[in-house]
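A quick note: this is a predicted structure, and the numbers were derived from the prediction, not measured. Throughout, protein chains are lettered first and strands after them, A, B, ... in sequence-line order, and every chain is numbered starting at 1.
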Amino acid sequence: MSYRLRLFAIRHSRFFESLYNAVNPAIVGTLKGINKVFGTKLDRPITAMEAGLKGVLFDCQMCGNCALSKTGMSCPMNCPKTIRNGPCGGVRANGMCEVKPDMKCVWVQAWDGASRMKGGEAIKDIEFAVDNRDQGKSTWLRIARGEIAEKISDRH
Amino acid sequence: MIDIDTMRNPDKVGTNPGDPLPRLEGHVSHGRFEQVLRAGHFAVTTEIAPPDSADPTEVLRRASLFDGYVDAINATDGSGAHCHMSSLAVCAILTRAGYSPILQVSCRDRNRISIQGDTLGAAALGVCNVLCLSGDDVGAGDHPEAKPVFDLDSVSLAQTIRTMRDDGQFLSGRKLDLAPRMLIGSSINPFVPPIANRADQLAKKIASGAEFIQSQYCFDMPVLKEFMAKARDLGLTEKAYIIIGVGVLPSAKTAKWMRSNVPGVHIPDEIIRRQEQAEKPKLEGRKICAEIMQQIKEIDGVAGVHVMAYRQEKWVGDVVKRSGVLGDRKPWAPEHSFADLQAVT
């Protein structure tokens with residue numbers, strides 16, 4: 001089910017990009033407010049909410065270094081090699097994953113998704129390896145706290 | 001005898017075969033491979049199969065098969081996720097004899113701490129070239145129960161080595177006393193999906209620090225030509241030396257097996273049919289390889305060929321000679337061949 005939703009999200013990457021751009025300021029604004037009042041007390045439920053929502057839609061693995069808007073709404077952490085600048089050279093002729101033949105290559109999907117997005121060119125930027133300390137952390141909270149830049153384009 | 005003065009100063013010329021060459025102006029390494037590329041020669045590289053053995057003479061014996069035919073030798077790093085002698089050790093043995101090895105680093109087995117340490121170690125042992133790879137999945141090999149690492153990917157790996165070389169520091173920012181001087185390479189497979197995006201991906205690899213590129217097997221000229229046209233349009237052939245991989249197929253049966261079992265290998269039906277119908281299929285396989293090499297040399301922006309001849313290593317010289325891509329040039333080889341070395345028992 002979740003795999004099919006993931007493919008749906010990539011097929012409609014343009015819509016999800018617009019949705020993200022529309023909703024993101026509100027989410028970050030709200031979280032900034034919550035952060036001021038409650039500090040870190042509500043981190044667990046907020047993180048669980050992010051994990052639930054992004055998990056259902058994108059099979060999000062909560063790496064804490066979210067790059068979805070740069071990767072055509074295809075989560076690179078679903079790649080069995082967790083490649084952040086893919087794909088690898090092992091993609092099957094039918095576009096399926098070398099390691100999991102029943103799964104479409106996450107990065108073939110990513111380039112496809114990006115081709116439909118307004119900011120799709122961002123897939124051409126280099127993404128450095130994830131910071132493993134952020135595993136399981138909420139990217140939203142980290143943005144709200146200014147730990148990472150609000151816009152992807154400001155990150156480099 | 002190791003000349004300590006030469007080791008401390010990589011720009012000084014040494015007298016032993018393993019000593020570094022003088023680093024020429026504008027070169028990032030003091031290696032012979034970079035000199036061949038920057039001189040504008042059509043380069044030929046190949047790969048050595050690391051032995052399942054602790055015997056160093058076996059490495060030299062295998063390398064001697066390529067004497068006079070190749071400019072650099074890739075030492076594979078647990079290719080196909082199978083255990084063999086390490087790439088670093090093979091490279092160290094080869095540099096001692098004067099060869100130009102290319103250290104292959106796969107992200108599958110090592111994290112960034114280990115990789116940076118090995119990079120320094122390789123440079124200290126005279127290795128001047130490194131190829132950054134993601135690596136085959138552990139499931140493809142003889143230890144499928146192993147834990148895959150994949151801390152970095154090939155692009156992050158190239159960035160890491162470039163940081164060490166050009167900024168003289170580890171990723172952490174800690175300074176190096178002497179930076180590793182290595183020509184950085186990366187791989188590309190233009191023959192599998194997403195074919196339309198492979199040139200863009202090549203651009204990313206070059207932006208991450210790759211100065212030379214070695215491709216997966218090319219058996220499909222139209223796809224390669226289209227890919228190279230895109231690479232030229234993006235100005236990429238000016239920024240990196242693009243070396244195209246070619247393969248020596250022993251039989252149509254092996255070709256079919258490779259096509260369905262080795263990830264990323266694309267062999268068109270007509271190649272297989274041609275080998276099937278040939279009277280001498282083995283010879284036909286070498287002819288096909290030599291013809292493809294000739295066609296590759298004609299393409300604008302290609303800097304060389306990478307001959308991959310797994311279990312066909314003894315034929316590498318034959319296909320290179322047959323293709324004529326070297327012209328009158330004879331790549332460096334040791335004065336005394338290691339072909340007759342006796343194994344240590």
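- Ranked by heavy-atom pairs under 4.5 Å with chain B, the first of P87(A), G90(A), P80(A) is P87(A).
- Both the backbone and the side chain of V91(A) come within less than 4.5 Å of a heavy atom in chain B.
- For a residue to count as touching a neighbouring chain, one of its non-hydrogen atoms must lie under 4.5 Å from one of that chain's; by this rule R259(B) does not touch chain A.
- Of the possible donor and acceptor atoms, one in the side chain of D137(B) sits under 3.5 Å from a partner among the backbone N and O of G139(B).
- With S74(A) contributing its side chain and V106(A) its backbone, the two residues share a donor-acceptor pair below 3.5 Å.
- Put simply, the side chain of Q61(A) gets close to the backbone of D59(A): a donor and an acceptor are under 3.5 Å apart.
- For the options R92(A), K81(A), K124(A), R84(A), heavy-atom pairs under 4.5 Å to chain B are most numerous at K81(A).
- Looking at N65(A), its side chain does come within 3.5 Å of a backbone N or O of D131(A) through a donor-acceptor pair.
- Residue contact with chain A, scored on non-hydrogen atoms closer than 4.5 Å, involves the backbone and the side chain of A207(B) alike.
- Neither the backbone nor the side chain of L157(B) comes within less than 4.5 Å of any heavy atom of chain A.
- Across all their heavy atoms, S134(B) and I83(A) have their closest contact at OG-CD1, 3.6 Å.
- Your options are K204(B), R108(B), Q159(B), and the one with the most heavy-atom pairs under 4.5 Å with chain A is K204(B).
- In this structure, E276(B) pairs ionically with K256(B), as a charged nitrogen and a carboxylate oxygen lie closer than 4.0 Å.
- Counting heavy-atom pairs under 4.5 Å between each of N189(B), V155(B), V138(B) and chain A puts V155(B) at the top.
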